Amino acid sequence: MGIISSGFHGKRHAGNPALPPGQHETDTFPVLTAGPAPNIATADWEFFITTGAGQRHTWSWDAFMALPQVEIRTDIHCVTSWSQLGTTWRGVSLDTLFDEVETTSEFTMAHSYGGYTTNVPLQDLLDGQAWVAWEFGGRPLERAHGGPARLLVPHLYLWKSAKWINGIELMNEDIPGFWESNGYHLHGDPWREQRYS
Ligand SMILES: Nc1nc2c(c(=O)[nH]1)N[C@H]1C(S)=C(S)[C@@H](COP(=O)(O)O)O[C@H]1N2
Ligand SMILES: [Mo]
């Protein structure tokens, strides 16, 4: 074939099919946070889902940990153009958390401890596409990366994966979250390069 010459490591190979357009691979995990990292003890941690009809479902850390835990192996893509391939996580599928929730709402807002928000359509959170993750690379998620737990929505740019997740608010209309109000795309699909609006 002669396309890949010896000595070429392929890391920044634009043709790597795992890399969305405009992305390059990195082995490091940069920390990107707007503002200080909140410090949430698991004893104080709570996860909520609120519905448009005014119902509030909540899980303590112990109740959350008693739910089925799954291993996730996935690529993650940051809008600043780095991607990490084959990262491993452990957490609870949003399908499990939404099992007991009845709703007709199509949109959600993820709320983090510390006030960060990001909007995600409900259909992007279901069907094995999103998790509340508390382990990264076989270790408890570091606080800088969102520990004790963060939302993980790896098929969208990483700003949608809210660190220090507190809960999901169901909404009947799509309302921009923190970065979306500051020019980031409402949806954020890396394969369609939905970076900015
Ligand atoms: N709570 C919270 N979550 C957040 C952010 C933030 O500032 N606060 N930054 C987002 C952005 S812009 C990115 S790129 C990723 C970075 O995740 P990392 O710091 O683990 O690399 O977290 C996202 N989740
Ligand atoms: Mo980001």
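Not measured: the values here are computed from a predicted model. Start at 1 and go down the list; that is how both ligands and their atoms are numbered.
Among protein heavy atoms, atom 14 (S) of ligand 1 sits closest to Cys78 SG, 3.4 Å. Of the protein's non-hydrogen atoms, Lys163 NZ, 2.6 Å is the one closest to atom 19 (O) of ligand 1. Residue, atom and distance of the protein heavy atom nearest to atom 20 (O) of ligand 1 are His145 ND1, 2.6 Å. With respect to atom 24 (N) of ligand 1, the closest heavy atom belonging to the protein is Ser161 O, 3.2 Å. Ranking the protein heavy atoms by distance from atom 9 (N) of ligand 1 puts Leu32 O, 3.3 Å first.
When all heavy atoms of His155 and Asp189 are compared, the pair lying nearest together is O-OD1, 4.2 Å. The two residues Trp164 and Gly147 make their nearest non-hydrogen contact at CD1-O, 3.0 Å. The minimum heavy-atom distance between Cys78 and Leu158, with the atom names listed, is CA-CB, 4.1 Å. Minimum heavy-atom separation, Leu141 to Ala133: CD2-O, 3.7 Å. Taking each heavy atom of Ser83 and Gln23 in turn, the nearest pair found is OG-NE2, 3.0 Å. Closest approach of Lys163 to Leu32, counting heavy atoms only: NZ-O, 3.2 Å.
The side chain of Arg150, and not its backbone, has at least one atom closer than 4.0 Å to an atom of ligand 1 (non-hydrogen atoms only; side chain from C-beta on). Contact annotation for Phe29 and ligand 1: only side-chain heavy atoms (C-beta onward) come within less than 4.0 Å of the ligand. Residue Tyr116 touches ligand 1 through its side chain alone, judged by heavy-atom distances below 4.0 Å.
Of all atoms in ligand 1, listed by their number and element, those nearer than 4.0 Å to a heavy atom of Trp164 are 1 (N), 2 (C), 8 (N). Residue Ser112 has at least one heavy-atom neighbour below 4.0 Å for each of these atoms of ligand 1: 1 (N). In the vicinity of Val31, heavy-atom distances shorter than 4.0 Å reach the ligand 1 atoms 19 (O). Proximity to Trp179 (heavy-atom distance under 4.0 Å) selects the following atoms of ligand 1: 12 (S). Here is the list of ligand 1 atoms found below 4.0 Å of a heavy atom in Ala34: 6 (C), 7 (O). Close contacts of ligand 1 with Thr33, meaning ligand atoms under 4.0 Å from a residue heavy atom, involve 7 (O). Annotation for ligand 1: atoms under 4.0 Å from non-hydrogen atoms of Pro30 are 18 (P), 19 (O), 21 (O).
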Show the numbers, then the answer: is there a side chain to side chain contact (heavy atoms under 4.5 Å, CB included) between Asn16 and Leu85? CA-CA 11 Å; Asn16 183 341; Leu85 304 182; 3.9 Å; yes

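By the 30° and 60° cut-offs, the orientation of the rings of Trp82 relative to Phe29 is perpendicular.
Heavy-atom separations between Gly114 and ligand 1 are all 4.0 Å or longer.
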